[in-house]
Structures are given as C-alpha cells and as structure tokens.
Amino acid sequence: MLTRKLKALKRQIVESQVWTSMFRHDYDDTPRNRFLQIMANVWLHLHPPKIRRHAIRVRFTWCMGGITFLLFLVLTITGVVLMFYYRPVGEYAYADMKYLEFDVPFGMLMRNMHRWAAHGMVITVWLHMFRVFMTGSYKSPREFNWVVGVILLTLTLLLSFTGYLLPWDQLSIWAVTVGTNMARATPLLGHEGPFADVVGVTPRYDARAFLLGGSVVGPPTLLRFYVLHCIFLPILASLFMIVHFWRIRKDGGISGPL
Amino acid sequence: MAEVRATAAAPAAKTKPAPTSAVKKAQLEDRVHVWPFLVRNEFICTLIVMVLFTVWSIVINAPLEEPANPANTPNPSKAPWYFLGLQEMLVYFDPWMAGVVLPSLVIVGLMVIPYVDINPKGSGYYTFRERPFAITTFLFGFLILWVTLILLGVFFRGPGWNLFWPWDRWDPHKVVALTNVDLASLDIGGTGLPFKWLGNPKIFGVELIGLTLSVLYLGVLPVVYYLWKKPTSPTLQTLGPVRYAIVVQLFLIMMSLPLKMFLRIAFNIKYVWITPWFNI
C-alpha cells in the first residue's frame, strides 16, 4: 500500500514539467542511459562515453593526472577563501596570516589545506609526467600534448613559487630571495650575468628588478607575486589545462597498446 | 645502446602504424562504459585524496616563522624545496648556468623529447627492454639529478651550505677549507700534470685549455661518434644529423653536471674554463 503510494509519488515527480526540464533521461541501468549519463552532462562530457579497458586501470594511470587536477580545484577553492581575509600589503600581510590562524573560523584549516595541496600538486604533477614517460605516452600522435604538459608543469612550479612569498614571513621572503637571485645572473638581462655590461643592465634595471618591482624582495614584490599567483598564472594554467584535456580526446584518448 | 638494435627494422615513425581491421575490431570490443567504470574510479580516488588532505590539514599546521625581515638573513637560506636541486647545482656552476641556463634547458629538453625519440615501440605500455636508452636517461635525470639533489638540499645542507648529516647539530661556525683550483692550474702530485706545465695560455683573456676541452666535449666527441656509428646504426641514420645534434647536446649538457661534480669531489676543480665574460 505504502510502496504503491510512494511509486505513484515518484512517478508524479519525475514526470512533472520541472523535473523533465532538468533531467532529460531516467536513471535505469541501460546501455543508453550509460551513454546519456556522460553525453548529457556538461561536467562529465569531457569523457568519451566508452573507453578502452586498460585506461581505467589504476596500475596504468596511477590516477595522477586526475589527482593533479583535483588538487588544482582544491587550491582554487581554498585560495579564494583565503583571499577574503588576506591583504597583499607589507604592513598587513603577516598580520592577516595570524588573523587567519587565530580568528577566522576554519581559517587555519583553509590555509593548511592550501599549503599541503600545493606541495601535493607539485609532487603529483611530477609523478604524472613520470608515468606518462614510462608508458611512452608522449609518442605520436600525442607529442604536442606532452609539450603542453611540460608548460603546465612549469606553471605549477611558478604558481607554487609565487604563493610561497605571500605569508610574508622569514621563510617566504628568503626562499624567494634565493630563488629570484638567479635572475640577476641571466645572460644579457641580469646585472651579474654574462655580457651584462654589453647590454648595460643595472641592479635597478634588469630581469630581476622587473620580476621583483625593485632591487630587493619588498612590498612591491609581494603585490606583484600576489597578482601573478591569484590572477595571471591560474588563468594561464586553466587555459593550458583546457587544451591539455581537449587534446587527450582529439589524440584518440589516453594511450594504450595497439 | 640496445635500442639502436630494437628500432633497426622499424621505418621512420612519422605516424602510428595503421592498425589492421582485426586489431581495430579487438579494440572496439575491449571498450567499457565510462559510466560507471571510470567515473566510479574517479569518485573513489577523489574521496581518498580529500580525506587524506583534510586529515593532514587538521593534524599538521602549515609553517609560519617570524615576520619578514630583510635585515636578518637566515643561514642557510634555502629556496622552496622543489627548487633545491637547482640551488644544489650552484655548488658546481655559476648562477647564470645553474640558475638560468640549465633550468631553461631542462624545460626545453623535456619539450623536445617526443620529437627526438623516434623509437615507435613502447607507446602506451610499460616496457624497459624496448626503449632502454630513453628510460635510462630519463630515470637518471629525474631520480638522480632532480630528486636526489632535492633530498640532498633539504636534509643534508646546513649553514654555509655545508654538508651535515640529518642528526648532526648545525654548527654555523663549521670551517671547511677552500682548496678548489681551476683546471688549468691543476697540479697532481707536483708533477705539473695534467695541464699546469702548459702555463695556461690565453687569447683575448680566454683560456685556451678550457676552450679546447669544451670544444672537444660538445663538438668533436659527438661528431666523431656520429661518423663512427652511422654506417652501422639504422637508428642514427633515421635520426638524421639535426635530431642527433639536439639529442647529443642536451645529453652532454645534462651529463656535464655529474661530470663537474666528479671533478669537484675528486680533484677540487672550481672552473674548467675561464673567460672574461663567464666561467664554467
């Protein structure tokens, strides 16, 4: 009696105009619905509806590309939360870190997750490259997608490096100082590099000063790295990710033995 | 190079060999639905990763040291851990090389891999036997030159960038004698060998010994190897001079790091070649 009423209720709901306007197919496990589940879903239609059997084996893919993308999403979400509380200004930045730690509800959790997921993403992107190399997946016709992958790897490191400065503590300022000191030695473009005197670059006017917005890591660098970290690099990485994922499909799905 | 033999019979792999109809049929039959099989994997994987990172983030706090102070340089000052391999290279090369040229070549070198690896085998499955040179080179570069140097930088480098065991106390006053010499004035056992007896000849301030050695290493050695091996090596014939030149330059430049490390550790060599503009 009750089940019959529930069934009638269910039919009433799923056949209503509102429901059918949102969901174009039912959920019974039929081959047709398995296709539609992928093809009629904007989030899932990145996948093909069918895939070669080996491609779902964790032992083949290690899930590393997917985990890297997942961590990018985690970083985007936690990063946006952190942006609500953090000001990239010399006087405020460090105080805002303390504010996040002691005053903001779940602030420390968000910051921890952002930090650890960032380290995690650096490692997973390396492991992804490692796996792709070991399976020879960069070979024709996937050469260009490997190149896009190398660009994404570089962008991941740059994202992590620019984010490293933002806590504005001793660890970040000196790590970024050491890291960007290299730019001083850029051939032709750095004031300590080979042929610097030929070009005429100076400590205040060379590749490093362009990167830092000054001759030392200071508040202008903080603002510069903040904008690179929160706007420029994520957008660039997203664009290359779109190409990367699209190319997987266009190059015939993920690689496999013939 | 066993790979040379492995690819001997294969033609230049411009495109994937076309699958026969039987292979294609087998491939089509070997397909599974993405929903549920792949999406299920992705979902479980997401759950595991999220639980892992959530627990990790609850248990371990991200580091936060004292406020940034430009007047107080910590010793040692370390780059972010993933760049410590590059910082480690600074021990052996000047910053323009270790910090700019070599990292750029790592990126460029990775990008050209698919265009210079003409071995059609080993695409889409794990194999060592069918591509030993490619895998050995990559593993050496990734595991030894990248990962090991990072571990060395993270765990074994202390004040003054001196070596410490992880259980040692970091002594900022540790004294390490600087006994490095340049290759041109290397004098083994007071014999003047191998180069000191030449008296370090220069032209326009450029050391000729280092110039000769560099030209031998990057120029003569690869050409001699190419001419010697080409008649009997189908791989070199298919590779052609341009791709060969790219592979060999990138390979030799990569190997210059362990080579320089060896020269430093065995003979305390500081520079191999000194010029008025740069030193190597």
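Every chain is numbered from 1 and lettered A, B, ... according to where its sequence line falls, protein lines coming before strand lines.
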Which atom pair, heavy atoms only, marks the closest approach of [X] to [Y]?
{"X": "V100(B)", "Y": "A185(A)", "result": "CG2-C, 4.2 Å"}
{"X": "G124(B)", "Y": "S255(A)", "result": "CA-OG, 3.5 Å"}
{"X": "R111(A)", "Y": "A62(B)", "result": "NH2-O, 3.3 Å"}
{"X": "P48(A)", "Y": "V34(B)", "result": "O-CG2, 2.8 Å"}
{"X": "Y94(A)", "Y": "P67(B)", "result": "CE2-CG, 3.4 Å"}

Find the distance between [atom1] ([X]) and [atom2] ([Y]) and round it off to the nearest 0.5 Å.
{"X": "H33(B)", "Y": "R34(A)", "atom1": "NE2", "atom2": "CZ", "result": "5.0 Å"}
{"X": "R115(A)", "Y": "S57(B)", "atom1": "CZ", "atom2": "OG", "result": "12.0 Å"}
{"X": "W146(A)", "Y": "I113(B)", "atom1": "CH2", "atom2": "CD1", "result": "5.0 Å"}
{"X": "M111(B)", "Y": "L153(A)", "atom1": "CE", "atom2": "CG", "result": "9.5 Å"}
{"X": "F53(B)", "Y": "W116(A)", "atom1": "CZ", "atom2": "CH2", "result": "10.5 Å"}
{"X": "W174(A)", "Y": "E65(B)", "atom1": "CH2", "atom2": "CD", "result": "12.5 Å"}

Side chain from CB out, backbone as N, CA, C, O: work out which of these in [X] comes under 4.5 Å of a heavy atom of chain A, or both, or neither.
{"X": "E42(B)", "result": "side chain"}
{"X": "F83(B)", "result": "side chain"}
{"X": "F142(B)", "result": "side chain"}
{"X": "V112(B)", "result": "neither"}
{"X": "S104(B)", "result": "neither"}
{"X": "P63(B)", "result": "both"}
{"X": "N61(B)", "result": "both"}
{"X": "I60(B)", "result": "both"}
{"X": "V106(B)", "result": "neither"}
{"X": "T275(B)", "result": "neither"}
{"X": "L84(B)", "result": "neither"}

Name the option with the most non-hydrogen atom pairs under 4.5 Å to chain A; the candidates are [options].
{"options": "D94(B), L90(B), T127(B)", "answer": "L90(B)"}
{"options": "N69(B), N41(B), T46(B), L86(B)", "answer": "N69(B)"}
{"options": "V147(B), N72(B), V101(B), N279(B)", "answer": "N72(B)"}
{"options": "L38(B), L64(B), I135(B)", "answer": "L64(B)"}
{"options": "A98(B), P80(B), P36(B)", "answer": "P80(B)"}

Check: [Y] main-chain N/O paired with [X] side-chain donor or acceptor under 3.5 Å:
{"X": "E66(B)", "Y": "L171(A)", "value": "no"}
{"X": "Q170(A)", "Y": "P74(B)", "value": "no"}
{"X": "K139(A)", "Y": "K121(B)", "value": "yes"}
{"X": "Y126(B)", "Y": "F60(A)", "value": "yes"}

Report which part of [X] has an atom under 4.5 Å of a heavy atom belonging to chain B: side chain, backbone, both, or neither.
{"X": "I56(A)", "answer": "both"}
{"X": "L157(A)", "answer": "both"}
{"X": "V198(A)", "answer": "neither"}
{"X": "H119(A)", "answer": "both"}
{"X": "T154(A)", "answer": "side chain"}
{"X": "Y138(A)", "answer": "both"}
{"X": "P49(A)", "answer": "backbone"}
{"X": "W168(A)", "answer": "both"}
{"X": "L109(A)", "answer": "both"}
{"X": "M108(A)", "answer": "side chain"}

(request) Report yes if some heavy atom in the side chain of T177(A) is under 4.5 Å from a heavy atom in the side chain of S77(B); otherwise report no. (result) no

(message) Between L139(B) and M134(A), is there a side-chain heavy-atom distance shorter than 4.5 Å?
(response) yes

(request) May I ask you to establish whether R131(B) and F133(A) are in a cation-pi arrangement, using a distance under 6.0 Å from NZ or CZ to the six-membered ring centre and at most 45° from the ring axis? (result) yes

(request) Fit a plane to each ring of W126(A) and W146(B), take the angle between them on a 0 to 90° scale, and name the class: parallel (under 30°), tilted (30 to 60°) or perpendicular (over 60°). (result) perpendicular

(request) Measure the acute angle between the ring planes of Y82(B) and Y164(A), then classify it against the limits of 30° and 60° as parallel, tilted or perpendicular. (result) perpendicular

(request) Let me see the working for Y125(B) and H54(A) under ring-ring contact (aromatic ring centres under 6.0 Å, His included), right down to the final yes or no. (result) CA-CA 10 Å; Y125(B) 54 96; H54(A) 74 91; 10.0 Å; no

(request) Go through W35(B) and H47(A) one step at a time and tell me if the ring-ring contact (aromatic ring centres under 6.0 Å, His included) criterion holds. (result) CA-CA 9 Å; W35(B) 182 281; H47(A) 302 101; 9.7 Å; no

(request) Look at D30(B) together with R52(A) and state whether they make a salt bridge at an N to O cut-off of under 4.0 Å. (result) no

(request) May I have the step-by-step check of side chain to side chain contact (heavy atoms under 4.5 Å, CB included) for M113(A) and M50(B), ending in yes or no? (result) CA-CA 10 Å; M113(A) 260 197 131; M50(B) 290 311 295; 4.0 Å; yes

(request) Apply the test side chain to side chain contact (heavy atoms under 4.5 Å, CB included) to residues F37(B) and I51(A): give CA-CA distance (whole Å), side-chain angles for both, the deciding distance (0.1 Å), then the verdict. (result) CA-CA 9 Å; F37(B) 298 109; I51(A) 196 169; over 6 Å; no

